[in-house]
Amino acid sequence: MTEIIKVRQKLIDALRQAAGQAQETGKLPQVPLPEVSVERPQNPEHGDYATSLPLKLARATGLRPLDIAGSIAELITPGPEVASITVAPPGFINFTFKDDWLSQQVDSILSPDETYGNIDLGHHRRVQIEFVSVNPTGPLHVGHGRGAILGSTLANVMTAAGFDVETEYYINDSGSQIDAFSRSLFARYQQSLGVNAEMPAEGYFGSYMVALARDIVAEQGDTFLKLPAPEAVSRIGQLGLSKMTDQIRQDLKLLGVSFDVWFSEKSLYEQGQFKKVMALLQQGGYLAEKESATWFVSTALGEDKDNVVLRGDGSATYFATDIAYHYNKFIERKFDRVINIWGADHQGHVSRMKAVVGALGVDPEQLKIIISQMVTLRRGGELVRISKRSGDIITLREVVDEVGADACRFFFLSRSADSQMDFDLELAKKESQDNPVYYVQYAHARIASILRLAQGKKLSFGDGDVSLLASEPELALVRKMLLLPEIVETIVHTMEPHHLAHYAQDLATVFHSFYKQCRVVSRDNEPLSKARLKLVAAAKLVLSRTLRLMGMSAPETM
RNA sequence: GCGCCUAUAGCUCAGCGGACAGAGCAUCGGUCUUCGGAACCGAGGGUCGUGGGUUCGAAUCCCUCUAGGCGCGCCA
């Protein structure tokens with residue numbers, strides 16, 4: 001297990017023990033102890049860890065928090081890594097690490113035995129993260145990009161935390177929208193061959209459909225004209241769908257997003273799973289017939305209203321297939337945890353989906369649904385439409401081409417999924433000079449350059465003595481590096497990868513500051529040079545690990 | 001009408017029960033004969049949307065109101 005997590009646990013244990021001892025010796029009344037925890041104070045003067053346990057005990061014991069803090073603090077037996085334990089008003093106990101323990105961590109970070117930043121939290125529990133899952137009826141836009149980046153980063157982080165992660169894209173390849181897509185495509189195809197055909201009223205009018213039709217004409221000629229219309233529609237639809245899916249796959253790849261599984265909605269029917277699940281719900285008494293349709297009685301599970309699963313004509317609703325899909329995830333494929341990332345427009349489905357999962361006999365807590373708020377695209381303050389149905393859209397691909405995948409990822413990751421955002425193309429490009437993305441990557445490239453210099457001077461630093469690292473800028477850098485495992489931990493608990501982006505920036509800042517104050521390679525002090533080279537190599541490792549978790553590149557030069 | 005998200009420095013956003021509310025950009029002022037100036041240091045700038053409540057302690061939890069966004073189909 002990661003050193004810092006171990007040390008933190010030791011602190012908590014020591015605190016609990018000291019508090020217990022204080023109660024045994026009568027210094028503290030025998031009240032039930034609250035959960036003992038330590039946190040990282042935001043002010044470095046307050047040490048490396050702090051606890052507010054005395055403040056929490058004040059009410060129950062009727063004692064002054066500061067007195068409680070004093071009683072507990074003097075009973076703590078500190079480990080070898082702790083330099084001081086101090087009591088601070090209004091009732092905190094602060095812990096500060098020893099300088100030499102801190103500097104030793106450089107060696108530990110560089111240790112090839114484990115990948116720094118990985119923690120042992122998942123114990124190989126199986127987690128599925130499903131995201132993007134956009135209907136393959138049109139190209140992706142920026143809003144989809146947000147979900148894609150969120151999901152892929154979460155997957156990286158959870159993998160680092162020891163979970164067995166599987167990423168999945170759910171392809172909606174059946175249903176009425178696919179039908180509309182197929183008919184639209186066939187109409188465009190006919191038009192492209194000079195046949196007078198009308199677009200369906202609910203069709204897809206984007207110009208990409210015209211391009212797609214032309215593409216098919218170029219490849220297949222007029223073969224579809226020779227088929228009976230229903231068959232032609234169906235076959236050209238399938239072809240268009242697979243082309244569209246390929247395009248989506250490629251666009252995502254450009255953003256550094258890939259999936260382990262591309263799951264077909266249609267397969268739920270083909271393999272009979274859909275029928276099986278409906279029978280199951282029927283047995284459980286969750287289905288009811290009314291108004292000539294079949295309903296899932298969500299109200300029985302505390303929902304506002306019931307939802308239709310089978311229409312009057314016997315066809316399944318989107319909701320119904322989603323039930324089958326989640327049955328497949330939890331029961332057939334046996335995932336311990338399922339994470340779905342949905343856009344804000346799907347937020348109304350969250351509670352009923354959880355209700356369904358409960359009806360299937362699965363603890364709803366095992367299903368986590370993350371809602372990412374809307375992204376509006378602007379160009380110089382002017383709103384750009386991103387609707388797929390009508391007119392033209394700015395695709396995700398165009399945005400990535402324009403601002404770059406790394407900048408795109410960082411931009412999305414620096415904001416919490418809960419807040420909606422404007423993506424201004426002009427601004428994104430204009431700001432690229434003073435962009436935090438380059439600030440962080442520059443720190444990495446700078447270190448790479450230092451290491452190249454050392455290599456050029458044949459200065460090997462494997463035997464560097466880290467105990468020479470004792471100045472404030474050096475230790476500040478080490479302290480910041482030690483935070484990564486806890487960042488990973490936090491993200492697993494909160495499902496909020498944006499902490500990573502802020503951490504990356506902090507880490508780069510501390511490095512740049514160190515760099516300004518401390519000369520790394522100097523000819524008059526070889527031992528210190530070697531020690532600092534080690535420090536800087538460790539910083540490079542942590543920086544690059546952080547960038548990679550975000551799905552970004554860590555450039556050697558730029 | 002109901003549900004969810006949001007409101008924090010001029011702008012974009014962190015912080016989500018603890019110690020004087022932070023960062024980037026912008027503004028103003030400094031730092032370079034040595035490892036990459038896409039850098040560093042400093043200053044100004046905030047009644048944390050409003051009004052209540054809970055708590056030893058609230059930007060953080062609960063309620064009211066205001067403003068913005070998204071939902072509330074036998075579309076997906």
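Each chain gets a letter, A, B and so on, in the order the sequences are listed, and its residues count up from 1. Only this structure's heavy atoms are used, side chains among them; waters, hydrogens and symmetry mates stay out.
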Go ahead and name the base partner of [N]; Watson-Crick or wobble counts if both distances stay under 3.5 Å, otherwise write none.
N	value
B:rU50	none
B:rU31	B:rA39
B:rU60	none
B:rG17	none
B:rC70	B:rG3

Check whether any side-chain heavy atom of [X] sits under 4.5 Å from a side-chain heavy atom of [Y], and report yes or no.
X	Y	answer
A:Val134	A:Tyr169	yes
A:Ile171	A:Ser133	no
A:Pro527	A:Asn525	yes

Base, sugar-phosphate, or nothing for [X], non-hydrogen atoms under 4.0 angstrom?
X	answer
A:Leu55	base
A:Ala445	base
A:His346	base
A:Glu303	nothing
A:Ser449	base
A:His46	base
A:Gly175	nothing
A:Pro41	base
A:Asn94	base
A:Glu291	base
A:Ser176	sugar-phosphate

Interatomic distance, [X] [atom1] vs [N] [atom2] [rounded to whole Å]:
X	N	atom1	atom2	answer
A:Phe514	B:rC41	CZ	C1'	17 Å
A:Asp345	B:rG69	CG	C1'	12 Å
A:Lys534	B:rC35	NZ	P	25 Å
A:Leu453	B:rC35	CG	C1'	5 Å
A:Phe319	B:rC72	CZ	P	14 Å

*Is the closest basic N to carboxylate O distance between A:Glu486 and A:Arg8 below 4.0 Å?*
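Result for this pair is yes, salt bridge flagged.
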query = Ignoring hydrogens and angles, are the base of B:rC5 and the side chain of A:Gln373 linked by a donor-acceptor pair under 3.5 Å?
reply =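 Side chain to base: no pair present.
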Do the side chain of A:His349 and the base of B:rA76 come within less than 3.5 angstrom through a donor-acceptor pair of N or O atoms?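 Yes, the side chain and the base share a sub-3.5 Å donor-acceptor pair.
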Worksheet item: Using the rule for Phe, Tyr, His and the six-membered ring of Trp, do A:Tyr442 and B:rA39 stack at under 5.5 Å and under 30°?
Response: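 Ring-base stacking flag not set for A:Tyr442 and B:rA39.
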[N] OP1/OP2 closer than 4.0 Å to side-chain N/O of [X]:
X	N	value
A:Gln441	B:rA38	no
A:Ser416	B:rA14	yes
A:Arg311	B:rC75	yes
A:Tyr515	B:rC41	no
A:His498	B:rG15	yes
A:Ser522	B:rU34	no
A:Arg519	B:rU34	no
A:Lys305	B:rG73	yes

Exercise. Taking the six-membered ring for Trp and the full ring for Phe, Tyr or His, determine whether the centres of A:His502 and A:His499 are under 6.0 Å apart.
Key: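 Distance test on ring centres: not under 6.0 Å, no.
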Exercise. When A:Val338 is tested against each of A:Ile369, A:Val357, A:Leu367 for side chain to side chain contact (heavy atoms under 4.5 Å, CB included), which residue passes?
Worked result: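 Single side chain to side chain contact (heavy atoms under 4.5 Å, CB included) partner of A:Val338 among A:Ile369, A:Val357, A:Leu367: A:Leu367.
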Practice prompt. Tell me which of A:Tyr439 and A:Ser414 sits closer to the 5' end of RNA chain B, going by the nucleotide each one is nearest to.
Written response: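 Of the two residues, A:Ser414 wins.
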>> If you count every heavy atom of other residues, nucleotides or ligands that lies below 6.0 Å from A:Gln455 atom CD, does the total exceed 12?
In response: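 It does not: A:Gln455 CD has 12 such atoms or fewer within range.
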